[in-house]
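Notes follow the structure.
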Protein chains: 2
Amino acid sequence: MGASETRRQIVDVADQLFYEHGFEATSFADIAQDVGLSRGNFYYHFKTKDEILGAVIAQRMSNTRAMLEVWKQEAASPAERILSFIHILIANRTKIMAYGCPVSTLCNELAKLDHAAKDDAAGLFSLFRDWLAQQFAALGREADAEALALHILMRSQGVAALATAFCDENFIRREVSDMEAWLHAQCSSSSLPHS
Amino acid sequence: MGASETRRQIVDVADQLFYEHGFEATSFADIAQDVGLSRGNFYYHFKTKDEILGAVIAQRMSNTRAMLEVWKQEAASPAERILSFIHILIANRTKIMAYGCPVSTLCNELAKLDHAAKDDAAGLFSLFRDWLAQQFAALGREADAEALALHILMRSQGVAALATAFCDENFIRREVSDMEAWLHAQCSSSSLPHS
DNA sequence: GCTTTCGTAGGGCGACTGTCCTAATCCCTG
DNA sequence: CAGGGATTAGGACAGTCGCCCTACGAAAGC
């Protein structure tokens, strides 16, 4: 097994553990155990824990870009693409109720730790924001595309936050329906929702 | 200085540090330093760190109840009371942009740690939810009061999450205006927003 | 064949964690 | 002033943290 394969495996495991237990609560030993490696040997692949974090964020950025590209190709219309985004709340509802949104929880943790990589983590949000803004612009809402993108992104974050606290699946479905209705209203009118 | 006074001081400092740096990242030594006590001496006031967490959550519950009571007495109409809630996003914008919402960030951290007190922390959300539902019911929306309460609570959470990531004060003000407009629409119509 | 390189195992390092104990000090009461 | 419970300081304790080093094994190139 090559070193790059092991490295990829470490990043995969770290990604999952950072999501499920948090960055700080995940130790080298935890990652090593799940990968099946000696903990001391990590130094060969990553000099520091922050380096692992950097690799995890980079992988998430790459995975997110790929996912957005798939959504762009699979969905015919901009509205359907936005729906693809909205529906991750349903698709990932179990994990969200248990661990929250992987992006916001990481951003929040790094913000509290005042970690150097906190802006990099926020870059994941920018990826979604820009992609969503692109879709709203394609819907003819060039003027306020970014505001609309941030609005729908904000809603998904709010739903994730309360879903984690209350573990209420019905709440998620109700709010997703509400987001769909909102999106439909945006499509059929050009009035600004933001005064 | 009595022991109860020292205890209160410990809880105050712990509350702030848990908010700004997170529960796990805050050590006994950190709290001791800010309070000005010997770290070993904590055992006299609190047997475990979890006990401090419990006291912090209890104090937040108490403070929140008091705040909601003040809002209830200061605002004449239910709509104005809900506006009081919405405007904490503006009033606390600086801290929110730096550390996020104190309730959701604690809930998320405890959920990831699978901590025994995670449900207690979620109880803070219940406090807001029930209070908001009470106001919506007073607005004549008894049928979907809780859904409306969760909706506005969800929005505040989403705004807080993105405000932390992007540190964008204009975004907060724009979404707050949007929430005000939504609230106004709820007042002047009895149609269900949630199909 | 031998040697070089790659990847790993295992453990040591100082620092820090939450927890716990003990001895000293404070302040209130008699 | 003397006694005694309340409160404190300071450090010991075992465990874990991220980090770093060295020796071993397994391939691969000459």
Side-chain angles (χ1 to χ4, degrees), chain A residues 1-58 106 109-110 112-118 120-121, chain B residues 1-58 106 109-110 112-118 120-121:
Chain A
M1 176 165 51
S4 67
E5 174 65 22
T6 303
R7 191 190 145 97
R8 203 188 53 80
Q9 212 175 342
I10 292 174
V11 175
D12 278 346
V13 168
D15 189 352
Q16 182 185 338
L17 291 179
F18 287 175
Y19 175 39
E20 295 181 358
H21 305 305
F23 169 66
E24 225 199 359
T26 301
S27 68
F28 272 74
D30 295 330
I31 303 172
Q33 187 171 7
D34 276 26
V35 176
L37 280 184
S38 164
R39 71 207 70 86
N41 189 34
F42 269 71
Y43 189 67
Y44 180 78
H45 299 280
F46 296 95
K47 300 300 178 196
T48 66
K49 198 183 176 186
D50 290 349
E51 214 173 290
I52 301 184
L53 176 61
V56 167
I57 292 176
L106 182 62
E109 184 177 0
L110 297 183
K112 281 183 197 294
L113 297 176
D114 200 23
H115 194 286
K118 65 178 176 180
D120 298 332
Chain B
M1 175 168 49
S4 66
E5 173 65 22
T6 303
R7 191 191 144 97
R8 204 187 54 79
Q9 212 175 341
I10 292 174
V11 175
D12 278 347
V13 167
D15 190 352
Q16 180 184 340
L17 291 179
F18 288 175
Y19 175 39
E20 296 182 358
H21 305 306
F23 169 66
E24 224 199 0
T26 301
S27 69
F28 272 72
D30 295 330
I31 303 173
Q33 187 173 8
D34 276 26
V35 177
L37 282 183
S38 163
R39 71 206 71 86
N41 189 32
F42 269 71
Y43 187 69
Y44 180 78
H45 299 281
F46 296 96
K47 300 300 179 196
T48 66
K49 196 182 177 186
D50 290 350
E51 213 173 291
I52 300 184
L53 176 62
V56 167
I57 293 176
L106 182 62
E109 183 177 1
L110 297 183
K112 282 184 196 292
L113 296 176
D114 200 24
H115 195 285
K118 65 178 174 180
D120 298 331

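All of these numbers come straight from a predicted model, not from anything done at the bench. All heavy atoms count here, side chains included; hydrogens, waters and symmetry mates do not. Below, chains carry the letters A, B, ... as their sequence lines are ordered, and counting in each starts from 1.
As rounded to whole Å, 17 Å separates atom C1' of C:dC6 from atom OH of A:Tyr43. Atom CZ of B:Arg39 is separated from atom P of C:dC21 by 18 Å (rounded to the nearest Å). Going from atom NE2 of A:His115 over to atom C1' of D:dG18 covers 12 Å, rounded to whole Å. Atom-to-atom, CZ of A:Phe42 to P of C:dT8 comes out at 10 Å; the value is rounded to the nearest Å. Atom P of nucleotide D:dC17 and atom CD of A:Gln33 are separated by 11 Å, given to the nearest angstrom. Rounded to an integer number of Å, the gap from CG of A:Asn41 to P of D:dC19 is 15 Å. In this entry the distance linking CZ of A:Phe46 with P of D:dC20 reads 15 Å, nearest Å. Atom CG of A:Leu37 is separated from atom P of D:dC24 by 20 Å (rounded to the nearest Å).
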Exercise for the section: Could you give me the CA-CA distance, side-chain angles and deciding distance for A:Leu37 and A:Gln9, then say whether side chain to side chain contact (heavy atoms under 4.5 Å, CB included) is met? Expected result: CA-CA 11 Å; A:Leu37 280 184; A:Gln9 212 175 342; over 6 Å; no
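In terms of phosphate contacts, B:Tyr44 brings no side-chain nitrogen or oxygen within less than 4.0 Å of OP1 or OP2 of D:dT8. Within the structure, a side-chain polar atom (N or O) of A:Ser27 is placed less than 4.0 Å from OP1 or OP2 of D:dC17. Not one side-chain nitrogen or oxygen of A:Thr6 sits closer than 4.0 Å to the OP1 or OP2 atom of C:dC6.
In this structure, NZ on A:Lys49 lies 6.0 Å from CZ on A:Phe18, to the nearest 0.5 angstrom.
Taking every side-chain heavy atom of B:Phe28 into account, C:dG18 is the closest of D:dC19, C:dT8, C:dG18.
Heavy atoms from other residues, nucleotides or ligands lying under 6.0 Å from CD of B:Gln33 number 12 at most.
In terms of polar N and O atoms assigned as donor or acceptor, the side chain of A:Ser38 comes within less than 3.5 Å of the base of C:dG10 in a complementary pairing.
Remark: the backbone N or O of A:Phe23 is paired with a side-chain donor or acceptor of A:Glu109 at under 3.5 angstrom.
Minimum interatomic distance between B:Ala117 and B:His115 (heavy atoms only, all atoms of both residues): N-ND1, 2.9 Å.
At a threshold of 4.0 angstrom between heavy atoms, the contacts of A:Ser4 with the nucleic acid are absent.
Each of B:His45 and A:Ala29 was assigned the nucleotide of DNA chain D with the nearest heavy atom; the assignment lying further toward the 5' end belongs to B:His45.
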